[in-house]
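Just below is one structure, and these are the notes that go with it.
If you read the sequence from its start, that first residue is 1, and numbering goes on from there.
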Amino acid sequence: MKVRIQGTKDECLTFAEDMKHYYDVRYISGFYANTRKNNYSKEGRLYCEFNMTTYNPETGKTITI
């Protein structure tokens with residue numbers, strides 16, 4: 001699964017670090033600042049990819065999708 005996260009640099013990086021505790025993270029990009037002609041913004045984005053896992057109660061195993 002691919003996710004785009006938007007916010008300030010601190011918000012994005014904190015969120016990405018927290019996700020490492022809950023999900024199987026494949027990839028986290030660097031922070032891309034929002035830059036537009038004649039516009040200043042403290043916000044930006046980063047991109048994350050996660051392996052999605054599910055638990056099968058019949059087999060008792062976790063499966064990566």
*asked:* Side-chain heavy atoms nearer than 4.5 Å, only ILVMFWY residues, links allowed to pass through others: does that put Y23 and V3 together?
replied: yes

*Is it possible for you to say whether Y22 and M1 belong to one hydrophobic cluster, with membership spreading through side-chain heavy-atom contacts below 4.5 Å?*
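Per the 4.5 Å side-chain linkage, Y22 and M1 are co-clustered.
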
Of the non-hydrogen atoms in [X] and [Y], which two are nearest, and what is the gap between them?
| X | Y | result |
| --- | --- | --- |
| R45 | A33 | NH1-O, 3.7 Å |
| C48 | A16 | SG-CB, 4.4 Å |
| N34 | G44 | OD1-CA, 3.5 Å |
| R26 | N51 | NE-OD1, 2.6 Å |

*Check the surroundings of atom CZ in F31: do more than 12 heavy atoms from other residues, nucleotides or ligands lie under 6.0 Å from it?*
yes

_Value rounded to 0.5 Å, distance of CD1 in I28 from CE in M19_ = 9.5 Å

*Output yes when a side-chain donor or acceptor of R4 lies under 3.5 Å from a complementary backbone atom of Y47, and no otherwise.*
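It does not hold such a pair.
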
